[in-house]
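Below, all heavy atoms of this structure are taken into account, side chains as well, without hydrogens, waters or symmetry copies. Every number for a ligand or one of its atoms is a count from 1 in the order of the listing.
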Amino acid sequence: MAAKRDYYEVLGLSKGASEAEIKKAYRRLARKLHPDVNPGDKAAQKRFQEVQEAYELLKDEEKRRAYDRFGHAGPGPGFGGGFDPRTAAGGPGAGGFAGGPGFEGFHFEGGDLGDLFGNLFGGGRRPAGPQAGEDTRAQIEVPFRDAVLGGMATLALRREKTCPTCGGSGRAGKGVCPTCRGEGVVAESERLRVRIPEGTENGGAIRLPGKGGAGRNGPPGDLYVTVRVTPHTYFERQGNDILGIVPITVKEAYAGAEIEVPTIHGPVRAKVPPGTQGRQKFRLRGQGVKDPRTGSAGDHIYTVRVMVPKSVTPAGTDAATLLDSLYEGDVRAELPKGL
Ligand SMILES: [Zn+2]
C-alpha cells in the first residue's frame, strides 16, 4: 500500500487549522469530489474517500490530538482509519458496516452531506457539476504603523460574484441568462475592509475565506492578500525589533541626560549615560513588534548621533579646547598604521 498522505495535506490545510477551517475545507472538497458530481471518475472517488477519512479523524478532537503527536502510525485501536473491526458492533465478521457500495470503511456524515447535496440535486433538475470558486490574489499597501500595531485597511478590487439574475445556474427559462451570458457569475467592483493583524510583516499574506472567485453552483474561493508595508520615514523594522536614530547634544553625550525617545508605541523616557559615544546603541526592551505567533515583543533599538553646533564662536572654541584636554590619549590610536 502506498504511503498514506498527511490528513492536513489531504484537506489542503496546515497543522494549526481551526475546527471551522477543517469543516469548511471538507465541505468544499466533498462538493467537488462527490461521486454524484464525478460519475465514473475513479481518481475523484479515491480522493473523495481520502478526504472523508481525513475529515472523520480531524473533526474528532481526541483523535486529532493523537494524530498530531503520532501521525498515521498512532497508537491504540481505531486510530488512523475510519473503521476498526474490533470496536464495531458485533465484532469481526459482523458485516453490515455503514457505507454504500464503493465506500468500504467509511461512513458519511448523513446530515452534513444531506445539507450539501440536497439543494444541489433536489428539484428534479440536475445541473452541470458544481464547481468551487477559484482562490484569488490581491495586494494591499499598509502604513508601517498599522502593520506593527494592527489596524484596518480598505482593499478595492473587482471580484466575481454569483449572478443575481439566475442565481448561478447560467440559465433563464429555457435560454441563456442575459446578465451573465450563461457564466453564472458576474464581475463587480468591491471595497473590502481588511483587518491587518498586529505584527504583520512586509510580504505577509492575509487569507479572506470566501472572498475569492465565485463558484458555479459551488462555494466561493478564498482571497489571499499580500501586504506591502510602506517604509516609515523614521523607524525601520528588523525582525521584531524596531530601529531608530536619536540625535543628542555634545553636553548630553558628555555629562549624561534624560531624553525622550520616540517608539512606535509612543515616547519613552530614557537615560543617556555620561560619556556616551556617537553611534552608541541602546535597547528599550519590549518596545518593538509583538510577534503574532509567540505573543512576545521585540525591542526598540536606537542609535545616538552626537550633534556638534555649527555656529563656531570664540567661547565655543574655548569650551571645545577644554573638552579636548580631557581625552585619555589619542582618539585615533586604534586606526591601522602604514596603509
Ligand atoms: Zn446569470
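- Under the 30°/60° scheme for interplanar angles, the aromatic rings of His232 and Phe235 are found to be tilted.
- Note on the Zn ion (ligand 1): protein N/O/S atoms under 2.8 Å are Cys163 SG, Cys166 SG, Cys177 SG, Cys180 SG.
- Other residues, nucleotides and ligands place more than 12 heavy atoms under 6.0 Å from the CD atom of Glu190.
- For Arg181, the CZ atom counts as loosely surrounded, since its 6.0 Å shell holds 12 or fewer non-hydrogen atoms of other residues, nucleotides or ligands.
- With salt bridges taken as basic N to acidic carboxylate O contacts below 4.0 Å, one links Arg47 and Glu50.
- A donor-acceptor contact shorter than 3.5 Å links the side chain of Asn202 to the backbone of Val229.
- Side-chain contact, Arg27 with Tyr55: no donor N or O sits under 3.5 Å from an acceptor N or O.
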